[in-house]
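Reading through the C-alpha cells given below for one structure.
Order of listing sets the numbers, starting from 1, for every ligand and every atom in it. Because only heavy atoms are used, hydrogens play no part in the values below, and waters and symmetry mates are left out as well, while side chains stay in.
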Amino acid sequence: MPKPLERLSEEELARKRVIGRVSTSTLSFLTRAFVEQGFDWLLPVVLSKSTDPLWPDPGASIEKRVETEIYGETVRTTLSMIVHKLVACSTAYPRLFSLSPNVRIEKRERSATGWHAYEFTQLDFEVRGGSFGQVRGVVEGVVTGLVDVLKRERRDELMSLSRLDGLGTPRAPFKVMDREEVVEEYGAEWESRLTKEIDDPVWVTNIPREFYDFQDPVSGVWDNYDLLVPRYGEVLSGARREWEYERIVAKMERDGVKKENFALLLQLAAGRRLRPSAGAGIGVERLVSWLVGARHIGEVQPFPKVPGTVYDL
Ligand code: ATP
Ligand code: ASP
Ligand code: MG
C-alpha cells in the first residue's frame, strides 16, 4: 500500500521525486496542448448544489456522498465537473478544459485495484458542437505527443523507473471497439481481460451509463467512449451529450435520477439554452500511473488518497 511522505525511506523518497518530475512534465504538456488548441482553462469548483449523479453506471462503487449545508443550502463536493462543463460550454466557453478535483468515496475494497483513489483529478474538457471524431483527434494527439516528449525529455527518470523500454509510443489512430463486440469476445469481465491483451490504447464505445451521454433514441446505441491503456485499464471517459429537455427528463425518470438535483440544467434545457457538445475527462493520476509504471495509483499522489485509509494529510 502507498505510504504518506513522512513514512517513506530515502530510496522511496527518491522514487517519489522522480515520479513527481514525470507528473510535472505531463501537466505542463497537457495544459499547453489544450491552450494551444484554443481551449479556455477554467479553474475548478469544489462545492455545488448539482454534481455528477454517477448513476446508473455498471462500475459505480460509491460508499458515501459528501454533502454539507452552507448558508441554508445543501451542497455536494464535486464528483465530476460534467454539469458545470455542459453549462459553461453552452454559454460563455465553447471550448474549455479544467483540472478538476473529484471526491469519490470509493468502497474500501477498491484499494486493492491499485487504480482507484478517493480523491483524484480529471483533466475534463468539452467542445461545443463536438463529436467522437474531434475528441478522438485531440486525445490521440496529446497522448502520443506526451509519450514522445517524455521519452525524450524525461529519459533518465523513465530509465530509473525501469519504464523507458516498456512504454512504447502508441500508434494513432487507436483501435475502436464496440462494447457489444467486446462483451461477445471477452465476456462480462471484458475490461480487465481486454486491458491485459492490448499493446496500444483502445477505445471502447457504446457503454450504457449516465443521462448526459447521448443515446440514439431509435437504435439505443450510446455515442460515448472510454479509452483503455495496456496493463492498467480505463484512463478516460467521455461522450457526445444529450441537450434536449424531453430526452434528458425521460432518461432521468427511466433511471431513477432525482430531477431536483439538476434543477438548473433542466431549466436551461427547457429554455433551449443547452447546446450539443462532446467531451471527456482524463484521469490525471491514472495517466501518470501508466506512464511511470506505478504499482498503485497512490504512488503518484503526493498525498495518497487510498480507499479505506485516511492519513493525516
Ligand atoms: P472505474 O469504472 O474505473 O471505477 P469510472 O468509469 O467510474 O471509473 P468515470 O466516472 O468515467 O470513472 O470518471 C472519469 C475518469 O476519471 C475515469 O476515466 C478515470 O480516468 C478517472 N477516475 C474515475 N474514478 C477514479 C478513481 N476512483 N481514482 C482515480 N481516477 C478515477
Ligand atoms: N468526465 C466525464 C465526461 O466528460 C464524466 C465523468 O467523470 O463521469 O464524460
Ligand atoms: Mg468511466
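- Among Arg240, Arg95, Glu126, Arg241, the single residue meeting the side chain to side chain donor-acceptor pair (under 3.5 Å) criterion with Ser277 is Glu126.
- Residue-ligand proximity, Ser237 to ligand 2, at heavy-atom distances under 4.0 Å covers atoms 2 (C), 3 (C), 4 (O), 9 (O).
- At least one heavy atom of Lys85 lies less than 4.0 angstrom from ligand 2.
- In this structure, of Asp52, Ile82, Asn102, the residue bringing a heavy atom nearest to atom 6 (C) of ligand 2 is Asp52.
- The nearest heavy-atom contact from the protein to atom 9 (O) of ligand 2 is Arg241 NH1, 3.0 Å.
- The proximity of Ser80 to ligand 2, defined as any non-hydrogen pair under 4.0 Å, is limited to the side chain.
- By the criterion of a heavy-atom distance under 4.0 Å, neither the backbone nor the side chain of Glu210 is placed next to ligand 2.
- When Asp57, Asp255, Asp226 are each tested for a salt bridge (charged side-chain N to carboxylate O under 4.0 Å, His left out) with Arg209, only one passes: Asp226.
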### Task
List the steps, then state whether side-chain hydrogen bond (donor to acceptor under 3.5 Å, both in side chains) holds for Glu63 with Tyr118.
CA-CA 10 Å; Glu63 180 167 309; Tyr118 69 84; over 6 Å; no

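- Using cut-offs of 30° and 60° on the angle between ring planes, the pair Phe125 and Phe34 is tilted.
- Protein residues are said to neighbour a ligand when one of their heavy atoms lies under 4.0 Å from it; for ligand 1 these are Leu54, Asp57, Arg104, Glu106, Arg110, Trp115, His116, Ala117, Phe120, Gln122, Glu234, Val235, Leu236, Ser237, Gly283, Arg286, Ile297.
- Within the protein, the number of N, O or S atoms lying under 2.8 Å from the Mg ion (ligand 3) is 2.
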